[in-house]
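Data first, discussion second: the structure below is written as structure tokens.
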Protein chains: 2
Amino acid sequence: MRTVTPGTRVEQMVEALASAGHRVTPQRLAIIEILAKSEGHPTANQILRRVRRRFPMVGKATVYNTIQLLKDLGQVLELEFGDAANRYDGNVPEPHPHLVCTMCGRIDEVMQPTLHDTAESVANEVGYRMLSHRFDVYGLCPRCQSKYEPAKTARTVE
Amino acid sequence: MRTVTPGTRVEQMVEALASAGHRVTPQRLAIIEILAKSEGHPTANQILRRVRRRFPMVGKATVYNTIQLLKDLGQVLELEFGDAANRYDGNVPEPHPHLVCTMCGRIDEVMQPTLHDTAESVANEVGYRMLSHRFDVYGLCPRCQSKYEPAKTARTVE
DNA sequence: GTCATTGCAAAGCATTTGCAAGTCG
DNA sequence: CGACTTGCAAATGCTTTGCAATGAC
């Protein structure tokens, strides 16, 4: 179990920054707010564009720096993709399964409390000491399914 | 269950290429052999360097093309990493858990027959139709553990 | 001869780095 | 003031693309 830190996600992230001796600049706050309220796992570029609505002059380096900082503080989960931009999850920084739509890029998530233990047992099986883990399921989201087989009722396609 | 294709991995990959109407050039054969006999999930660059021992003039595009071809034929599993080069698995092209050492980059693998079903049930939970999945566990491999805590007997480090 | 394939070089992109200017404490 | 940050631009590194030359059938 883990002690639940009180406060909103924004407050938690601000606190994490501050207590680690980092300044909470307006830019950083804006990025934190975007991360906290984003549902769709934004890319660095999307974050950049949204920050620029309020701070038109922000540089991309600032966004990357801030993300890096929050990552190091365990406040942001980075989802790397080889062929696409990284996506960031500021809501649930602990590893959890993600569903990635290969058609539209949408990312959903599910809870799976046993995942951590599963990962740990896999690690132990080969003598690794686990530090982190990642479980992605690729497929078609409901919307993209209906887009491409509109007439079918739900059934398995082999 | 799945029908086991007979023949060595090299033969299987050659057959897959040929029956899809692609030529089996000496370069491609060399790349296939490297993929089939590599234990450590090589990068494209590592494959390139090994191919060049026999064909010093191969271009990187050839390596990437061939990998792409084999990927499309379901003969090679690509492991993408955002911050590092992709790694390729020509031995077990079906998704399976990988253990990635964050220290030395080594990649081990384990079998986990239930993973497919787990992924499928996660997908169903949110209405996705699963196409593929990936499960990576990051940590320290046995060698790197002993490198950094040589004196300790096996015990949990918090 | 035709067409897939190769090899080379240049292009693309996301991310990182360097550094002068700016800003908070 | 003095260190941390910022913004801009250039650099980095992997992968892809364009294209003329090559080679197989």
Side-chain angles (χ1 to χ4, degrees), chain A residues 13-14 16-32 34-35 41-73 76-88 100 105 107, chain B residues 13-14 16-32 34-35 41-73 76-88 100 105 107:
Chain A
M13 291 198 265
V14 167
L17 264 191
S19 65
H22 301 288
R23 292 185 192 158
V24 182
T25 64
Q27 293 95 327
R28 284 180 178 172
L29 184 57
I31 293 168
I32 285 176
I34 289 164
L35 278 169
H41 301 77
T43 65
N45 234 323
Q46 289 170 334
I47 295 171
L48 178 64
R49 285 201 299 268
R50 292 180 206 173
V51 181
R52 281 189 171 157
R53 293 179 192 161
R54 277 172 225 167
F55 301 89
M57 307 313 292
V58 222
K60 55 177 72 171
T62 301
V63 171
Y64 279 106
N65 282 341
T66 303
I67 291 171
Q68 179 69 51
L69 219 45
L70 293 168
K71 240 171 42 186
D72 292 344
L73 295 168
V76 161
L77 184 67
E78 181 179 63
L79 296 175
E80 299 182 321
F81 297 96
D83 54 346
N86 296 348
R87 311 278 290 259
Y88 298 95
V100 184
I107 296 184
Chain B
M13 291 197 264
V14 167
L17 264 191
S19 65
H22 299 289
R23 293 185 191 157
V24 182
T25 64
Q27 293 95 328
R28 286 180 176 170
L29 184 57
I31 292 169
I32 284 176
I34 288 164
L35 279 168
H41 301 76
T43 65
N45 234 323
Q46 289 170 333
I47 295 171
L48 178 64
R49 284 202 300 269
R50 291 180 207 173
V51 181
R52 280 189 172 156
R53 292 179 193 161
R54 280 172 222 167
F55 300 89
M57 306 314 291
V58 227
K60 56 176 72 170
T62 301
V63 171
Y64 279 107
N65 281 341
T66 304
I67 291 172
Q68 179 68 50
L69 219 44
L70 293 168
K71 239 171 41 185
D72 293 344
L73 296 169
V76 161
L77 184 68
E78 182 180 62
L79 296 174
E80 299 182 321
F81 297 95
D83 55 345
N86 296 348
R87 311 278 289 261
Y88 298 95
V100 183
I107 296 183

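Chain identifiers are assigned alphabetically (A, B, ...) following the order of the sequence lines, protein sequences preceding nucleic acid strands; residue numbering begins at 1 within each chain.
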Answer yes or no: is there a side-chain heavy-atom contact under 4.5 Å between B:Thr43 and B:Asn86?
no
So, is B:Arg23 near the phosphate of D:dG23, with a side-chain N or O under 4.0 Å from OP1 or OP2?
no
Establish, with yes or no, whether the OP1 or OP2 oxygen of D:dC4 is under 4.0 angstrom from a side-chain nitrogen or oxygen of A:Arg28.
no
State which of D:dC14, C:dT15, D:dT6 makes the closest approach to the side chain of B:Ala85.
D:dC14
Side chain of A:Thr25 (C-beta onward), nearest among D:dC8, C:dT5, D:dT6:
D:dT6
How is B:Ala61 classified with respect to the nucleic acid when contacts are heavy atoms under 4.0 Å: base, sugar-phosphate, or nothing?
base
Donor-acceptor pair, side chain of B:Arg28 and main chain of B:Arg23, under 3.5 angstrom
yes
Using whole Å, report how far CG of A:Leu69 lies from P of D:dC4.
12 Å
Rounded to the Å, how far apart are A:Asp72 CG and C:dT16 P?
11 Å
Under 3.5 Å, side chain of B:Arg87 to main-chain N/O of B:Leu79, donor-acceptor pair present?
no
Looking at C:dG7, I'd like to know if its phosphate oxygens (OP1 or OP2) sit under 4.0 Å from a side-chain N or O belonging to B:Gln27.
yes
What's the closest nucleotide to the side chain of B:Thr62 if the choices are C:dT6, D:dC14, D:dG7?
C:dT6
What is the separation between atom CG on A:Asp83 and atom C1' on C:dA14, rounded to the nearest whole Å?
12 Å
side-chain N/O A:Tyr64 vs C:dT16 OP1/OP2, d < 4.0 Å
no
The side-chain contact (heavy atoms from CB on, under 4.5 Å) partner of B:Ile47 among B:Ile67, B:Val58, B:Thr66 is B:Ile67
Among D:dG7, D:dT15, C:dC8, the one nearest any side-chain atom of A:Val58 is D:dG7
Check whether any side-chain heavy atom of A:Ile107 lies under 4.5 Å from a side-chain heavy atom of A:Phe81, and answer yes or no.
yes
Taking for each residue the nucleotide of DNA chain C with the nearest heavy atom, is it B:Pro56 or B:His22 whose nucleotide lies nearer the 5' end?
B:His22
Which sits closer to the 5' end of DNA chain C, B:Gly21 or B:Lys60, going by the nucleotide each is nearest to?
B:Gly21
What's the CG-P distance between B:Leu48 and D:dG13, to the nearest Å?
16 Å
Atom pair distance, as rounded to whole Å: CZ in A:Arg54 and C1' in D:dT6:
19 Å
Mind checking B:Asn86 for me? I need base, sugar-phosphate or nothing, with any heavy atom below 4.0 Å counting as a touch.
sugar-phosphate
